[in-house]
Amino acid sequence: MRVRYAPSPTGLFHVGGARTALYDWLFARHTGGKFILRIEDTDRSRYRPGALEDLLAGLRWLQLDWDEGPEVGGPYGPYIQSERLPLYQEFANRLVAKGAAYRCYCPPERLIALREQQALRGEPPGYDRACRDLTQRQIADYEAKGVTPVIRLRVPTEGTTTFHDLIRGDITVDNRSLDDLVLLKSDGYPTYHLANVVDDHLMEITHVTRGDEWIPSTPRHILLYQAFGWDPPQFAHLPLILSPTGKGKLSKRKAKGPGGEEYLVMVHEFREAGYLPEAMFNFLALLGWSLDETTEIFTREQAVAAFELERISKAPAVFSYDKLKWMNGVYIRQLAPEVLAERLQPFLARSGIVVDQETALKVARLVQERITTLAEAAALVDFAFADSISYDPALLIQKGMSRQDTMRALEASRHALAELPAFDEASMETALRQLAQALGLKAGQLFGAIRVAVTGRAVAPPLFGSLELVGRERVLARLRRAEELLVAEPA
RNA sequence: GCCCCCAUCGUCUAGUGGACCAGGACACAGCCCUUUCAAGGCUGCGACAGGGGUUCGAAUCCCCUUGGGGGCACCA
């Protein structure tokens, strides 16, 4: 099996493309075949610098390694279409020589006008085949005038074309609904249709797995294969990914959520937002495919072992950010704390929290069950790295306690913590639980007051770990500060 | 407008004629656990788009309607 992923470097790597690449990769790995990456850069006007680098980085992030393609080479190269131009020209001319294609001298303006008229009359748009049967003399005239022609395929004007889709079964179209598509543009570049067919043939691609949006042009490709006298590969068209807005496919243009926030669509955006590649892999795999009846979380090895084209669903799928977040959380919780610490460091640094491994590990233990993306960690522990904290002193006073009670409790806590031989979680817990009992308070009351005094919030990571992170000296200072605030605060 | 594809809980899906008064997951709600928040556990809510057939029997097969999506470039 030889499977290719053939993106066009016209923009940043998109999750829809990533899902296609993932399925191509899974199919290749499952069958023990080759995964080939081919760059379809045959439109000079749409080329975007940096797009190729972003694509390769995205594929590597998801660990979708390719056996042949840019940077790794292979026996069928080059794998960048702009480096294969003479090939397409030669094959296009071959079709002209056979009479299966012809040169068309119609200027773009005429074609635009033609489509306008067709739209006006309510006719389907399409080339009117004006140049399909030019006389030798007409051709000579155009050539003498220096008009650069395009090459068009001579599509049959009757009959039907059928191809078998591995996911959908047979698909048939009436040839009369097809027009004579351009194969070679006047700038000497091939169109997608030509380049794709020539390369798939030359590279001995056996399976073409691509997005649903290609179904309408597949019959044209079949006709092209027939014109060349080649056997077409097998086709499998994947369902599209829909935007959560419910309207249309997940596009590169930013769709906005109900709150006006922008949905993430580029692979690099997910990476920067703190999603783990293994979670992304798992989630994307499930968007249109299922491993079995109930399994949601699986490793890439399991996916490779189980992947079947037959289990790909036909209906388009809405991209669920909620489920992705949940899944990312699952993967974060599965990480060894040391690994999480390491992965967290760049994200913490981005928020100005530069820490050593040991501190990062403490943070990791504290936030592991509380974050759904790596980027969320900083906001949970920033109190421990801030010079000062501010809060409404009223928060200090717990349910069932007076201002006086709270002041006494904080003061007693401060003394207890100051005298502790070791400032670690276990010692703190023992001491403070005893203290609560001695003061006639519920543990939650005492802990709540300390939590606000030290973190500035009513909701924070587990208390003792938080105290350890803040450090004894600053904990004591913050307790004292809270006591002062209560003196000032009339309650 | 024309052509093509698709149709099970709000969402992702299982289901390939009887084991389905439809299973799992996310989300949502309640309860439990608990120093707050989480995480975890349990429970609940919730779907075969509609109508015709075929069949002893249909979520599963066929047709129509409706709905959704995609495509109709010298873009991919």
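In what follows, chains carry the letters A, B, and so on, assigned in the order in which the sequence lines appear, proteins first and then strands, with residues in each chain numbered from 1. Values reported hereafter were calculated over all heavy atoms of this structure, with side chains retained and with hydrogens, waters and symmetry mates removed.
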Do the side-chain N or O atoms of Arg115(A) get closer than 4.0 angstrom to the phosphate oxygens (OP1, OP2) of C74(B)? yes

Phosphate oxygens OP1/OP2 of C75(B): is one of them under 4.0 Å from a side-chain N or O of Lys185(A)?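 Result: yes.
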
Under 4.0 angstrom, heavy atoms only, what part of the nucleic acid is [X] near: base, sugar-phosphate, or nothing?
| X | value |
| --- | --- |
| Gly448(A) | nothing |
| Cys104(A) | nothing |
| Arg457(A) | nothing |
| Glu40(A) | sugar-phosphate |
| Ser290(A) | sugar-phosphate |
| Trp289(A) | nothing |
| Ser45(A) | nothing |
| Ala460(A) | base |
| Pro461(A) | base |
| Phe464(A) | base |
| Gly329(A) | nothing |
| Pro462(A) | base |
| Arg311(A) | sugar-phosphate |
| Val182(A) | sugar-phosphate |

Could you check whether Tyr275(A) and Tyr321(A) have their ring centres less than 6.0 Å apart? no

Would Tyr23(A) and Phe307(A) count as a close aromatic pair, with their ring centres under 6.0 Å? yes

Would you indicate which nucleotide in [options] comes nearest to any side-chain atom of [X]?
| X | options | value |
| --- | --- | --- |
| Leu463(A) | U35(B), A76(B), U36(B) | U35(B) |
| Lys249(A) | G71(B), C74(B), U13(B) | G71(B) |
| Ser177(A) | U13(B), C3(B), C75(B) | C3(B) |
| Trp326(A) | C3(B), A25(B), U35(B) | A25(B) |
| Leu240(A) | G70(B), A39(B), G15(B) | G70(B) |
| Pro108(A) | A27(B), G70(B), C74(B) | C74(B) |
| Arg451(A) | A39(B), U35(B), G24(B) | U35(B) |
| Glu293(A) | G1(B), A14(B), A25(B) | A14(B) |
| Lys323(A) | A76(B), G15(B), G24(B) | G24(B) |
| Thr294(A) | C75(B), C37(B), G24(B) | G24(B) |

Return the residues of residues 423-445 of chain A meeting this criterion: a heavy atom under 4.0 Å from some atom of RNA chain B. Order them by number, or give none. Arg433(A), Gly444(A)

Mark yes or no for a side-chain to base donor-acceptor pair under 3.5 Å between Glu213(A) and G71(B), with no hydrogen or angle criteria applied. no

Compare every heavy atom of Pro239(A) with every heavy atom of Lys314(A), then report the nearest pair and how far apart it is.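 Closest approach of Lys314(A) to Pro239(A), heavy atoms only: O-CB, 3.7 Å.
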
Below 3.5 Å is the cut-off: list the nitrogen or oxygen pairs between protein and nucleotides 4-10 of chain B, distance only.
| unit_1 | atom_1 | unit_2 | atom_2 | d |
| --- | --- | --- | --- | --- |
| C5(B) | O2' | Arg168(A) | NH1 | 2.8 |

Rounded to whole angstroms, how far apart are [atom1] on [X] and [atom2] on [N]?
| X | N | atom1 | atom2 | value |
| --- | --- | --- | --- | --- |
| Glu123(A) | C2(B) | CD | C1' | 11 Å |
| Tyr192(A) | G71(B) | OH | P | 13 Å |
| Asp187(A) | C74(B) | CG | C1' | 7 Å |
| Leu120(A) | C2(B) | CG | C1' | 16 Å |
| Arg46(A) | A76(B) | CZ | P | 7 Å |
| Phe383(A) | C37(B) | CZ | P | 16 Å |

Give me each pair satisfying side chain to side chain donor-acceptor pair (under 3.5 Å) with a member in residues 279-292 of chain A, each pair once, sequence neighbours excluded. Asn282(A)-Tyr331(A), Ser290(A)-Arg311(A), Asp292(A)-Thr295(A)

If we call it a pair only when both distances are under 3.5 Å in a Watson-Crick or G-U wobble match, what pairs with [N]?
| N | answer |
| --- | --- |
| G40(B) | C32(B) |
| C45(B) | none |
| C72(B) | G1(B) |
| A7(B) | U66(B) |

Rounded distance (nearest 0.5 Å) linking atom CZ of Arg121(A) with atom CD of Glu123(A):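 It is 4.5 Å, given to the nearest 0.5 Å.
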
Mind checking what makes side-chain hydrogen bond (donor to acceptor under 3.5 Å, both in side chains) contact with [X], not counting sequence neighbours?
| X | value |
| --- | --- |
| Arg110(A) | Asp128(A) |
| Glu411(A) | none |
| Thr372(A) | none |

What pairs of donor and acceptor atoms, side-chain ones from residues 430-441 of chain A against any protein atom, are under 3.5 angstrom apart with sequence neighbours left out?
| unit_1 | atom_1 | unit_2 | atom_2 | d |
| --- | --- | --- | --- | --- |
| Thr430(A) | OG1 | Ala426(A) | O | 2.9 |
| Arg433(A) | NE | Glu429(A) | OE2 | 2.9 |
| Arg433(A) | NH2 | Glu429(A) | OE2 | 2.9 |

Is there any salt bridge (Lys or Arg N to Asp or Glu O under 4.0 Å) pair reaching into [range], and which pairs are they, with sequence neighbours excluded?
| range | answer |
| --- | --- |
| residues 331-340 of chain A | Glu338(A)-Arg365(A) |
| residues 154-170 of chain A | Asp133(A)-Arg154(A), Arg168(A)-Asp212(A) |
| residues 280-290 of chain A | none |
| residues 184-199 of chain A | Arg38(A)-Asp199(A), Arg44(A)-Asp187(A), Arg84(A)-Asp199(A) |

Between Thr218(A) and Trp214(A), is there a donor-acceptor pair closer than 3.5 Å when you use the side chain of the first and the backbone of the second?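 Present.
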
Report yes or no: is the cationic atom of Arg132(A) (NZ for Lys, CZ for Arg) under 6.0 Å from the centre of the six-membered ring of Tyr102(A), at an angle within 45° of the ring normal? no

Nucleotide by nucleotide, nucleotides 42-49 of chain B touches protein heavy atoms under 4.0 Å in the pattern (B base, S sugar-phosphate only, - none) --------

